[in-house]
Amino acid sequence: MVLNRFIGLSATIVGRSSRSGFLSSSPLLKAGSQKQNRTMSSGKAFKVLVSHPEVPQEGIDLLKENCEIIQVQSVPVDRAELLRKIQGVDGVLWGGHEPLNAEALDAAGPQLKSISTMSAGIDYVDVPELKKRKIPLGHTPTVLNTAVADLAVGLLIAAGRRFHEGRKKIDNDQWENYHLNWLLGQDIRDSTVGFYGFGGIGQAIAKRLSGFDIDRVLYTTRRRVHKEIEEEFNAKKVDFDTLLAESDFIVIASPLTKDTQGVFNATAFNKMKQTAVLVNIGRGKIVNQDDLYEALKSNRIFSAGLDVVDPEPLSPKDKLLTLDNVVVLPHIGSATKRTRAEMATIAAHNVLRGLVGEPMLSPAY
């Protein structure tokens, strides 16, 4: 299991139990963490801010073993409360997607020594600022691959088979199954599936789609994946134009960077098949949403399934939501109980290891 592999790296926990006594049981910490021993023996527990009141208890319980917990209670998170409570803490489990920037770091103070987000993406983090201050940063990729991949396949099917449009037909009393060609969609069988980004999440999606008898996988990334992975998924690295031109389904599974922002625009959509289905489980800003609206409205591409949009939250009056051929979800890719509990557990371990100068389980850099 992904979580167990992570935890096994620190030799601190077996299985998924979060009540493991991380700091007291780790051989790594017993052997080399005089800093932690001095802190504990002096009776001054590490102070850790949990920046959101809904962080799963599994992560909080781990922190409570040896830390004093300070927790933000407002939902949505009140920035003023966060900035007040972060003052003087040693570590932070950053549970939401509020900006983690110089303002927050200044409020915390120079004693801050460890931060972990509870997310895979860190586009809301001012990474150069943390690096400048030499503060280690953890995050929680990999552990959410399964949940996000499951949802991506659901979006691919829902968009390709016109689920949203079909439901609107029912709502509007337009059940027209007397037509033989009513609501025909796109087949996954024998299709070419293209991935913009083919890391852990992309590969997890490809693994699931292999059960649908797809023909092949194309992918566009900066670096080629291992040959064994290509053989497993019948995958081939191609340039972006080839990906657009030859894919029946395109899945965006890339992080947001200055190079990926807005890359799916009118020019890209005009190179795609008219029958193509676009799925985005990466970040909303990778897609030019105005251009996507025009491509869908004009039927330049067949449909889209989106778990991420720009902005978030999306206004209920956004023009994208007027279209029949788009399925939009409110960024719930990792939203399962098990996944969120595992994310909290990994984030807590990251914070704890950072506090005592040990390498984090899942460092962001």
Side-chain angles (χ1 to χ4, degrees), residues 76 96-99 121 123-124 148 151-176 179 181-186 194-197 240-241 243-245 247-335:
H97 290 80
E98 298 77 25
D123 46 285
Y124 54 91
V148 176
L151 182 126
V153 173
L155 277 173
L156 188 147
I157 296 171
R161 295 297 300 273
R162 302 167 73 171
F163 282 15
H164 178 60
E165 184 180 358
R167 174 56 193 265
K168 289 180 71 173
K169 294 286 189 184
I170 296 171
D171 291 343
N172 295 321
D173 195 23
Q174 295 175 337
W175 196 303
E176 300 168 359
H179 291 296
N181 294 326
W182 191 53
L183 288 175
L184 298 185
Q186 302 300 323
F195 288 88
Y196 185 73
F240 188 45
D241 284 350
L243 184 86
L244 296 171
S247 298
D248 300 300
F249 298 88
I250 293 181
V251 179
I252 301 172
S254 168
L256 176 65
T257 68
K258 59 181 177 60
D259 295 322
T260 65
Q261 182 168 345
V263 71
F264 281 85
N265 54 23
T267 300
F269 297 134
N270 286 334
K271 294 177 180 179
M272 291 170 61
K273 295 181 179 181
Q274 194 168 356
T275 55
V277 175
L278 178 71
V279 173
N280 188 5
I281 47 85
R283 282 293 185 264
K285 288 182 182 292
I286 296 174
V287 176
N288 182 311
Q289 206 155 282
D290 288 332
D291 290 355
L292 175 61
Y293 171 80
E294 294 298 334
L296 290 168
K297 184 180 179 182
S298 65
N299 294 312
R300 180 60 196 81
I301 64 173
F302 186 78
S303 62
L306 312 173
D307 186 44
V308 289
V309 290
D310 178 35
E312 293 181 4
L314 191 67
S315 167
K317 296 181 180 179
D318 192 280
K319 61 186 178 181
L320 195 67
L321 301 179
T322 67
L323 300 175
D324 290 341
N325 57 342
V326 60
V327 178
V328 182
L329 298 179
H331 202 158
I332 55 173
S334 64

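Please read all numbers here as calculations on a predicted model, not as lab measurements.
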Looking only at atom types and distance, does a side-chain atom of [X] sit under 3.5 Å from a main-chain N or O of [Y], one as donor and one as acceptor?
X      : Y      : answer
Ser303 : Val326 : no
Gln274 : Asn299 : yes
Asp307 : His331 : yes
Asp291 : Asn265 : no
Asp324 : Glu165 : no
Ser247 : Ile250 : no
Gln261 : Lys258 : no

Side-chain contact, heavy-atom cut-off 4.5 Å: [X] with [Y]?
X      : Y      : result
Ile286 : Phe264 : yes
Phe302 : Arg162 : yes
Arg300 : Asn270 : yes
Leu306 : Leu329 : no
Val277 : Asp248 : no
Ile252 : Val279 : no
Glu294 : Phe269 : no
Gln186 : Phe249 : yes

Any idea which heavy atoms bring [X] and [Y] closest together, and the distance?
X      : Y      : answer
Lys319 : Tyr293 : O-CE1, 3.3 Å
Lys168 : Leu323 : NZ-O, 4.2 Å
Asp123 : Arg283 : OD1-NE, 2.7 Å
Leu292 : Ala304 : CD1-CB, 4.4 Å
Glu312 : Val308 : OE2-CA, 3.2 Å
Ala159 : Gly305 : CB-N, 3.8 Å

Heavy-atom count around Lys297 NZ within 6.0 Å, excluding the residue itself: above 12?
no
Measuring from [X]:[atom1] to [Y]:[atom2], what's the distance to the nearest 0.5 Å?
X      : Y      : atom1 : atom2 : answer
Asn325 : Ile301 : CG    : CD1   : 8.0 Å
Leu151 : Leu156 : CG    : CG    : 11.0 Å
Tyr196 : Thr260 : OH    : OG1   : 5.5 Å
Leu320 : Asp318 : CG    : CG    : 5.5 Å
Asp310 : Gln289 : CG    : CD    : 6.0 Å
Glu176 : Trp182 : CD    : CH2   : 6.5 Å

